[in-house]
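These notes are about the structure you will find just below.
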Amino acid sequence: MAAQRNSSDRSALVQLCLFLCMPWQAEARQIRYSVSEELEKGSFVGSISKDLGLEPRELAERRVRIVSRGRTQLFALNPRSGSLVTAGRIDREELCGQSEPCLVSFNILMEDRVKLFGVEIEVTDINDNAPKFQAENLDVKINENVAPGMRFPLPEALDPDVGVNSLQSYQLSSNKHFSLAVQSRVNGVKHPELVLEHALDREEEAMHHLVLTAVDGGDPLRSGTVLISVTVFDANDNAPVFSLSEYRVSVPENLPVGAQLLTVTATDRDEGANGEVTYSFRKLPDTQLLKFQLNKNTGEIKLSENLDYEETGFYEIEIQAEDGGAYLATAKVLITVEDVNDNSPEVTITSLFSPLMEDSPLGTVIALLNVHDLDSRQNGQVTCSILGNLPFKLEKSIDSYYRLVTHKVLDREQVSSYNITVRATDGGSPPLSTETHFTLQVADINDNPPTFSHISYFTYIPENNPRGASIFSVAALDTDSEENARVIYSLAEDTIQGAPLSSYVSINSDTGVLYALRSFDFEQFHDLQMQVTATDSGDPPLSSNVSLNIFVLDQNDNAPEILYPTLPTDGSTGVELAPRSAEPGYLVTKVVAVDRDSGQNAWLSYRLLKASEPGLFAVGLHTGEVRTARALLDRDALKQSLVVAVQDHGQPPLSATVTLTVAVADSIPDVLADLGSLEVPHASDASGLTLYLVVAVAAVSCVFLAFVIVLLALRLRRWHTSRVLRASGGGLAGVPASHFVGVDGVRAFLQTYSHEAWLTADSRGSHVIFPQPNYADTLISQESCEKKDPQSLLDDSKFPIEDTPLVPQAPPNTDWRFSQAQRPGTSGSQNGDETGTWPNNQFDTEMLQAMILASASEAADGSSTLGGGAGTMGLSARYGPQFTLQHVPDYRQNVYIPGSNATLTNAAGKRDGKAPAGGNGNKKKSGKKEKK
């Protein structure tokens with residue numbers, strides 16, 4: 001069939017060539033249209049289907065389309081109406097400039113027959129541009145001695161339109177000195193000139209303002225104006241003159257920027273400022289103004305931008321020369337750009353038929369290529385070739401088109417794709433070439449099933465996974481392409497514990513990702529087994545299977561469950577028995593617990609969380625056995641409450657608690673007698689809170705009691721100190737060198753050291769110093785003391801110590817003591833012996849010293865006798881009549897007088913005539929104690 005088609009195509013091609021050889025038939029093959037510029041997009045141009053001899057619907061069936069040579073598509077095909085329409089707004093001036101007529105050529109391709117038809121469209125002009133001057137203001141300088149009839153060139157207005165829509169005439173505003181003359185050149189360009197009608201007088205009017213208007217011939221009329229300011233100068237009667245009226249130069253397009261093109265020269269016969277000539281561009285479009293640079297002083301023209309022959313091959317520049325006065329001269333510069341081989345060929349892939357079935361016949365068209373070179377003549381001649389040993393060849397088509405066809409059988413199993421490189425080389429010197437690369441994919445039939453990368457799969461997932469979580473992904477590859485390689489995944493039907501597999505797991509048919517439809521429980525099942533099927537989308541479809549095992553990992557989601565002891569269901573309290581005769585380590589009971597988890601999550605440990613009697617019981621860490629930690633005592637309560645915690649080794653660990661009630665008794669009747677008092681233990685939080693409150697209240701009470709005791713002690717000490725100071729101050733006032741101490745009718749002289757005493761509590765200004773010590777070892781009888789008044793007592797102290805007879809000191813009398821009932825205060829309250837020993841605490845010692853000092857003060861003042869009355873011990877004046885001797889503890893046998901080694905004796909000893917024994921003792925030590 002393909003051979004018959006090729007032979008028919010060849011015969012048709014021969015007939016076409018014979019048909020084209022005839023002139024009138026060749027003219028008929030060219031399709032021409034005409035369209036105005038600036039039409040809306042989609043405007044009708046011509047019925048292309050009619051001119052091609054086709055129905056409108058056949059345009060799409062025969063894949064008719066427009067092909068152009070590397071330029072923007074200006075026209076498009078309307079497949080519904082079969083007409084040629086505009087693809088957008090068309091600007092004739094941008095497309096063709098001043099050229100007339102403006103023709104656009106392109107080809108129409110009929111792909112089913114690979115035929116091309118030439119189309120030529122003329123774009124007609126409309127009056128869409130107004131004449132425009134290069135500058136809005138123009139300054140003209142004229143000497144006043146210029147004769148009437150002098151002409152001054154004016155700038156020309158530019159109108160991009162052509163024909164009647166182009167510039168037609170100029171108009172000048174009314175003025176008595178000037179008129180307008182329009183010169184028409186050979187090329188039809190109108191050149192305005194300002195003509196001086198009447199002589200100028202600078203002194204009368206130095207400035208003239210004119211308006212030049214350029215009008216085109218379109219409908220409606222469009223115009224442009226320029227403001228002319230004429231300045232009248234004095235005495236410049238010579239205008240510059242160019243050496244040539246027209247300068248011509250030819251330059252290659254690869255001339256570097258900054259190169260000099262030529263130099264124009266103009267001379268002025270005037271002298272001074274009127275003879276200095278400056279050059280400037282007079283008539284140059286904005287696009288060309290940037291390409292050239294003119295030295296206004298030397299007339300040198302240089303290149304400021306690169307030239308491109310393919311863009312513009314010819315430039316016409318008008319130069320004006322102006323002297324220092326008012327004369328101008330103009331000259332033309334014609335620049336011709338010569339083409340060089342600076343453009344590589346361009347290869348455009350017009351059509352590419354990829355992928356191509358591997359069983360395609362020979363001669364199948366793969367691609368349609370268009371080759372073009374922007375250079376001209378020999379530089380634009382292009383030849384094409386294919387690089388490498390490929391089963392393809394190039395065939396020349398019409399114009400600059402090539403067809404790439406197959407000339408060998410394709411085999412996708414050997415080569416699935418071809419990287420084709422087409423090289424286009426021009427005829428320039430040196431030649432330039434371009435390589436175009438494209439890839440041809442060879443399509444395959446569905447002869448390969450999907451394959452998995454592994455024979456089987458397995459994965460692990462922790463239990464308690466969230467619903468809808470992705471748990472695994474499988475992937476199967478199919479070496480086929482497109483639909484034949486698109487794999488669809490599914491799960492084989494199966495049941496797990498009576499429920500369908502689809503209720504546990506689902507699979508994404510496109511990606512192969514498996515999702516969990518429910519939360520897995522390790523305690524229910526440990527693994528899931530399933531079959532995954534991968535099926536391609538070919539015709540007929542092919543498939544393959546793979547097994548997948550999902551193993552569920554255990555998580556610590558179950559707390560320990562206590563089996564024993566259990567809380568009775570009848571509301572009673574379970575009680576464990578422990579005899580009081582139990583030795584340490586006695587097994588009381590055992591806590592039994594299990595954990596539904598496995599592995600480390602099920603390892604349990606036991607500990608005693610709370611006990612009513614800490615240290616009495618201990619719990620085995622791993623066994624849960626409750627044993628006695630020590631022997632039971634009688635003071636231990638009958639009811640013991642224990643809180644045992646059971647904890648697993650999971651992360652995080654979970655725990656449970658149980659409360660045990662242990663009854664401590666040797667026999668069952670003892671337990672039964674007190675079972676009524678046993679109550680279910682309260683919550684651990686409430687008992688703990690009560691304990692904390694009791695401890696807090698006790699701590700606050702102890703702190704407050706200690707503070708009160710310290711405060712009372714400080715107050716009492718201060719009171720004692722003030723009393724002692726007052727008592728000492730009164731006695732020392734009348735004793736010059738020594739003082740007496742009397743106890744129960746006994747008087748003794750005390751050794752006196754230097755003392756510093758303050759007479760007032762708030763002042764240190766008054767004090768008494770006793771520099772010389774006196775020694776008295778004689779005890780004076782009570783009778784001699786009673787005969788003296790206080791004044792005589794002071795007089796006696798003036799006699800020398802040697803005149804006083806010495807009486808030896810008697811030993812202490814052990815019979816002088818009080819009974820235990822007669823001893824008040826802290827000393828009397830102590831459990832001591834009946835011998836009246838020296839007080840053993842500081843408080844009683846200070847009390848005794850205060851009483852001794854008070855007695856000494858009374859003896860010195862003479863206010864009372866040593867006896868002071870029956871049993872008063874000389875203290876009635878200080879403490880009142882209610883303070884009798886019977887309220888004072890008997891410390892006399894252990895009392896010593898500081899500064900002396902004399903001891904106190906009772907009256908019975910005196911009556912017996914026993915003289916007290918004397919002794920010197922350690923005076924220095926006694927003196928220190930007295931000072932203290």
Side-chain angles (χ1 to χ4, degrees), residues 1-2 4-37 39-90 95 101-124 348-353 363-372 395-405:
M1 293 298 293
Q4 294 176 2
R5 179 181 177 184
N6 291 336
S7 61
S8 62
D9 291 341
R10 293 193 190 96
S11 61
L13 182 61
V14 172
Q15 294 175 4
L16 178 63
C17 292
L18 295 175
F19 186 80
L20 292 176
C21 291
M22 301 178 65
W24 64 273
Q25 290 180 345
E27 185 68 18
R29 299 291 293 177
Q30 188 71 24
I31 302 174
R32 291 185 174 88
Y33 298 105
S34 177
V35 64
S36 299
E37 64 170 333
L39 291 179
E40 295 290 336
K41 179 180 179 181
S43 299
F44 177 81
V45 177
S47 178
I48 193 67
S49 61
K50 180 179 179 181
D51 295 335
L52 293 178
L54 303 174
E55 294 296 329
R57 58 181 177 79
E58 292 183 302
L59 294 180
E61 295 175 357
R62 296 180 178 272
R63 298 192 299 277
V64 178
R65 60 188 180 91
I66 297 174
V67 292
S68 61
R69 189 175 57 188
R71 64 170 58 181
T72 305
Q73 289 285 352
L74 300 178
F75 302 93
L77 293 176
N78 190 335
R80 294 183 178 180
S81 62
S83 59
L84 182 68
V85 297
T86 58
R89 289 184 178 271
I90 302 175
L95 188 63
C102 181
L103 299 177
V104 178
S105 300
F106 56 89
N107 297 319
I108 292 181
L109 173 65
M110 188 181 300
E111 285 194 16
D112 63 334
R113 297 184 181 179
V114 195
K115 291 184 179 182
L116 292 171
F117 300 91
V119 178
E120 186 179 83
I121 299 177
E122 179 183 359
V123 181
T124 59
T348 304
I349 302 175
T350 305
S351 298
L352 177 62
F353 304 96
T364 302
V365 178
I366 300 172
L368 184 64
L369 307 177
N370 177 263
V371 182
H372 176 67
E395 295 180 353
K396 187 73 170 65
S397 183
I398 63 174
D399 293 340
S400 56
Y401 284 90
Y402 288 85
R403 294 190 307 172
L404 182 64
V405 298

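The distance from atom CZ of R65 to atom OG of S351, rounded to the nearest 0.5 Å, is 3.5 Å. Put simply, OG on S105 and CZ on R32 are 9.0 Å apart, with the number rounded to the nearest 0.5 Å. With rounding to the nearest 0.5 angstrom, the CG atom of L116 is 10.0 Å from the CD atom of E111. Atoms CD1 and CG, from I349 and L369 in turn, are 6.0 Å apart once rounded to the nearest 0.5 Å.
Side-chain contact between F75 and V35 is present, with at least one heavy-atom pair separated by less than 4.5 Å. When side chains are defined from C-beta on, M110 counts as touching L54, because their heavy atoms get closer than 4.5 Å. Using a 4.5 Å cut-off on side-chain heavy atoms (C-beta onward), L84 and I121 make contact. Contact annotation: the side chain of L74 approaches that of L95 to within less than 4.5 Å [non-hydrogen atoms, C-beta and beyond]. Under the 4.5 Å side-chain criterion, counting only non-hydrogen atoms from C-beta, Y401 is in contact with N370. When side chains are defined from C-beta on, I108 counts as touching V64, because their heavy atoms get closer than 4.5 Å.
A salt bridge links D112 with R62: the distance from a Lys NZ or Arg NE/NH1/NH2 to an Asp or Glu carboxylate oxygen falls below 4.0 Å. Between R89 and E40 there is a salt bridge, with a side-chain nitrogen of the basic residue lying less than 4.0 Å from a carboxylate oxygen of the acidic one.
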Between L109 and L368, does a side chain to side chain contact (heavy atoms under 4.5 Å, CB included) hold up when you go through it step by step? CA-CA 11 Å; L109 173 65; L368 184 64; 3.5 Å; yes
Stepwise side chain to side chain contact (heavy atoms under 4.5 Å, CB included) test for L39 and V45: CA-CA 10 Å; L39 291 179; V45 177; over 6 Å; no
Audit row: F117, D51, side chain to side chain contact (heavy atoms under 4.5 Å, CB included) steps and yes/no: CA-CA 10 Å; F117 300 91; D51 295 335; over 6 Å; no
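Using a distance-only test at 3.5 Å, with no hydrogens or angles considered, no donor-acceptor pair links the side chain of S83 to the main chain of N78. T86 places a side-chain N or O within 3.5 Å of a backbone atom of S43 that can act as its donor or acceptor partner.
Because its NZ or CZ atom is both nearer than 6.0 Å to the ring centre of Y402 and within 45° of the ring axis, K396 counts as a cation-pi partner of that residue.
Taking all atoms of both residues into account, the shortest heavy-atom contact from F106 to I66 is CD1-CG2, 3.5 Å. Closest approach of V405 to E395, counting heavy atoms only: CG2-OE2, 3.6 Å. The two atoms that bring L59 and G82 nearest to each other are CD1-CA, 3.3 Å, heavy atoms only. Smallest separation of non-hydrogen atoms from N107 and G118: OD1-CA, 3.7 Å. The shortest non-hydrogen separation linking R80 to P56 is O-CB, 3.5 Å.
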